[in-house]
Amino acid sequence: MTAFNLLSEPIRKYIRDKKWESLRPIQEASIQRIMSTDNNYILISRTASGKTEAAFLPILSKVNFKEPGVKVLYISPLIALINDQFVRVESLCEYLDVPVTKWHGEASKGAKDRLLKTPEGIVLITPESLEAMFVNKPYNVRHLFSTLEYVVIDEIHSFLGSDRGTHLQSLLSRLQKINAKKFSVIGLSATVSDANQYSELKEFLGESDYTKVIRDTTPKPINAVFKYFPGTVEELPLPLLKDLYIRTRESKVLIFPNARGRVEEVAVKLKQISEKVGGHKNYFSHHSSVDKEVREYVEFFAKNSTLQNFCISCTSTLELGIDIGNVDEVVQIDATHSIASLIQRVGRSGRREGKASNLFLYATDAWSLLQSLACWLLYQEQYIEPVYINKKPYDVMVHQLLSIVKSYSGISLPKLVEEIMGNPAFLEITLKETEEIIFHLTTIDFFEKLGNELIIGIEGEKVVNNKDFYSLFNTPVFFKVSNNGIKIGELPLSSQIRENENIYLSAKIWSIKDIDYQTKKIEVIPAKDGKKPKFFGDAADIAHMIREKMFEILSFKEQYEFLDDVAQQMIILLRSEFSSFTISDFKKERPLLDHNEKLTFYSFTSSRINRTIELILDSLNIKNTLDPQKSAFEIEGHTAEQVKTVFTNSCIEQNIDEILTGLLEGNPAIIDFSKWGKYLPICYQVKLLKEKYFDFEGCRIYLQDLKIIDNK
DNA sequence: GACCTGCTGCGGCTTG
């Protein structure tokens with residue numbers, strides 16, 4: 001039987017009314033499988049290939065919505081995505097008379113109240129809203145979600161390997177616990193190309209044996225062009241901006257310049273050029289610090305402008321699945337930090353069937369060019385960096401312990417231990433470890449013993465009753481920027497924020513008129529010229545494979561026809577800098593440059609391994625500076641022979657706990673990469689540092705194979 | 001120099 005015929009009549013009518021000529025391959029496959037089994041499925045297929053329908057067409061055909069209770073729970077990482085999907089799912093559900101309810105922080109309370117009165121149909125939710133319900137109204141979780149048949153997780157790759165993912169995994173397990181019947185889980189993703197990740201994904205959903213992967217590998221042709229314009233960190237080179245303008249003025253374009261300040265610079269400067277030559281005015285910026293309503297307007301404009309061209313300069317806010325309509329070209333300025341990110345960005349263009357995607361890569365620095373090239377080549381080899389999954393997420397456990405104790409308002413120790421240990425998210429954390437963490441939380445007054453039960457303690461109350469409790473990630477403090485009551489966006493307090501300073505924000509130029517430090521507000525008026533704003537942030541970690549590929553490119557002579565002449569020359573120049581080394585194995589060998597009484601060790605490895613090497617050198621009192629972009633260590637006061645000996649003999653396991661404890665005592669803020677880590681006993685903070693900040697196992701293997709090649 | 005993500009409950013107001 002064909003997939004179409006397996007669907008229920010109302011759904012078939014929907015497809016006929018939509019005048020679809022055929023089902024997409026991923027839909028054909030998923031309908032066959034979902035209709036006939038109760039397995040979990042992970043649907044992998046590129047952006048705009050109809051994944052949402054691939055999940056919902058069969059689910060809506062199969063599930064009996066006549067019985068009371070919510071039957072399908074859709075979980076998304078973004079509110080914007082929920083709002084987007086709501087429209088699509090609702091238009092489908094009209095054929096079945098099944099209600100769809102949005103449940104997130106910005107969703108209508110009236111709709112939520114209606115659902116509480118009559119729990120039914122489909123609910124779209126964020127993990128944080130689900131968490132909030134578990135903490136504050138656990139009876140509502142039971143009331144609404146104890147008759148689930150399907151849970152759909154959108155953009156599942158965005159959860160994988162992050163604390164937010166572990167959190168979601170824990171919530172899924174808690175959800176299953178209140179359901180008498182087992183529900184099935186369908187995960188949707190565009191960015192999984194490595195089969196190694198299948199097992200991680202399956203484990204993420206629990207019950208690996210019942211989880212199957214359905215994948216559509218139809219490739220999308222992409223035309224890539226690399227260009228090189230030497231520039232500085234402060235400002236983009238004018239020739240680059242001019243070239244970029246000419247190349248994009250007659251298209252619908254997304255530009256990814258990596259940093260928010262630079263996003264503003266690109267938007268403002270292209271707009272200025274366009275004004276001068278009488279081009280279109282539709283230049284926008286889109287990132288987390290642009291006001292939400294402004295961002296929504298930009299998304300709306302892009303989605304509805306079929307005739308007008310536009311240019312949106314943006315960060316990863318436009319990387320995930322929000323439908324912004326047709327984009328002709330994607331521009332990446334300097335290297336992406338991951339291949340996964342490159343894939344998502346490329347996927348934003350050429351959504352029209354059969355149309356090729358265009359990708360322009362501009363580099364302003366030789367090493368960034370090399371990194372871009374490495375990412376592009378790996379992308380073509382269908383490689384994606386592995387996701388790192390923390391098997392002992394002590395910090396997430398702290399959060400979930402608080403959540404469980406609060407939801408019970410009184411729970412015995414054995415019951416709490418049983419609850420948390422039975423959760424697959426914490427499978428590898430031992431009983432002893434769990435008990436020690438609970439004990440510690442009692443000593444810092446997060447928990448209090450009341451008779452035989454644990455309740456939330458005085459300090460715990462402060463944390464649990466704060467609206468910041470529900471998420472697993474930290475958010476910095478920002479000042480709200482507005483002009484005459486109109487919100488523009490927000491900025492962090494920096495040396496730049498002073499009265500009469502001019503800054504870019506939301507693709508416009510503003511002059512700061514007043515700063516209110518009490519209410520954290522900045523009043524601005526329009527201005528003629530200014531500077532890009534300063535934001536603070538951490539650089540994302542780069543995977544070992546990207547660095548290795550960079551070294552591979554340098555050690556071979558291969559020419560790439562997609563590089564422009566200047567870019568080609570830059571690669572040749574970089575290669576010549578390494579020509580004094582005889583490299584025969586780019587996987588194991590690494591160059592050590594001896595020059596002017598200084599040594600430069602090019603490690604070409606991951607950020608985490610570099611951090612670990614840095615720690616080892618520091619602990620041996622070897623003065624060193626790491627250049628993160630070049631993945632290179634400058635080492636002073638040592639000979640090449642001494643450095644070689646250090647690397648070959650270094651016994652990194654020795655004293656490491658002592659060193660890390662010292663590090664934490666000297667600088668407790670180092671644990672701030674984990675929002676909940678600071679509430680752990682010191683020895684667990686050390687474990688967390690080892691697992692997530694450094695990479696001792698990776699470093700051990702790296703050093704074990706390492707062969708240092710010098711230029712002497 | 002360096003990304004992103006979400007948010008309860010309640011009192012008090014306006015609006016239909």
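Just so we're clear, the structure is a prediction, and the values are computed from it rather than from any experiment. Sequence lines set the chain letters: A, B, ... in the order given, protein chains first and strands last, and positions in each chain run from 1.
Taking 3.5 Å as the limit, the base of B:dC4 and the side chain of A:Ser316 contain no donor-acceptor pair of atoms between them.
Residue pairs satisfying the salt bridge (charged side-chain N to carboxylate O under 4.0 Å, His left out) criterion with at least one member in residues 536-551 of chain A, sequence neighbours excluded, are listed as follows: A:Glu381-A:Lys549, A:Asp541-A:Arg611, A:Glu548-A:Lys587, A:Lys549-A:Glu552. The salt bridge (charged side-chain N to carboxylate O under 4.0 Å, His left out) analysis of residues 395-406 of chain A, with sequence neighbours excluded, yields the pairs A:Asp395-A:Lys692.
The CG-C1' distance, from A:Leu318 to B:dC3, rounds to 12 Å in whole Å. Atom CD of A:Gln344 is separated from atom P of B:dC3 by 18 Å (rounded to the nearest Å). Between the CZ atom of A:Phe256 and the P atom of B:dC4 there is a distance of 12 Å, rounded to whole Å. At whole-Å resolution of the value, CG in A:Leu626 and P in B:dA2 are 18 Å apart.
Across all non-hydrogen atoms, the minimal contact from A:Phe204 to A:Gly165 is CE1-O, 3.2 Å.
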Please tabulate, for the side chains in residues 489-497 of chain A, all donor-acceptor contacts under 3.5 angstrom to protein atoms that are two or more places apart in sequence or on a different chain.
{"from": "A:Ser494", "atom 1": "OG", "to": "A:Gln496", "atom 2": "N", "distance (Å)": "3.3"}
{"from": "A:Gln496", "atom 1": "OE1", "to": "A:Lys534", "atom 2": "N", "distance (Å)": "2.8"}
{"from": "A:Gln496", "atom 1": "NE2", "to": "A:Lys532", "atom 2": "O", "distance (Å)": "2.8"}

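Annotation: ring pair (Phe, Tyr, Trp, His ring centres under 6.0 Å) contacts of A:Phe446 (sequence neighbours excluded): A:Tyr679. In this structure A:Phe601 satisfies the ring pair (Phe, Tyr, Trp, His ring centres under 6.0 Å) test together with A:Phe647, sequence neighbours excluded. With sequence neighbours excluded, the residues forming a ring pair (Phe, Tyr, Trp, His ring centres under 6.0 Å) with A:His287 are A:Phe535, listed by chain and number. Residues passing the ring pair (Phe, Tyr, Trp, His ring centres under 6.0 Å) test with A:Phe310, sequence neighbours excluded: none.
Of the residues in residues 535-546 of chain A, those lying under 4.0 Å from DNA chain B by heavy-atom distance are A:Phe535, A:Gly537, A:Asp538, A:Ala539, A:Ala540.
A residue-by-residue look at A:Thr315 and A:Pro628 shows that A:Pro628 has its nearest nucleotide of DNA chain B further toward the 5' end.
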Quiz item: Just by protein heavy atoms under 4.0 Å, how would nucleotides 5-16 of chain B read 5' to 3' in B, S and -?
Solution: BBBBS-------

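Residue A:Arg262 places no side-chain N or O under 4.0 Å from the OP1 or OP2 atom of B:dC3.
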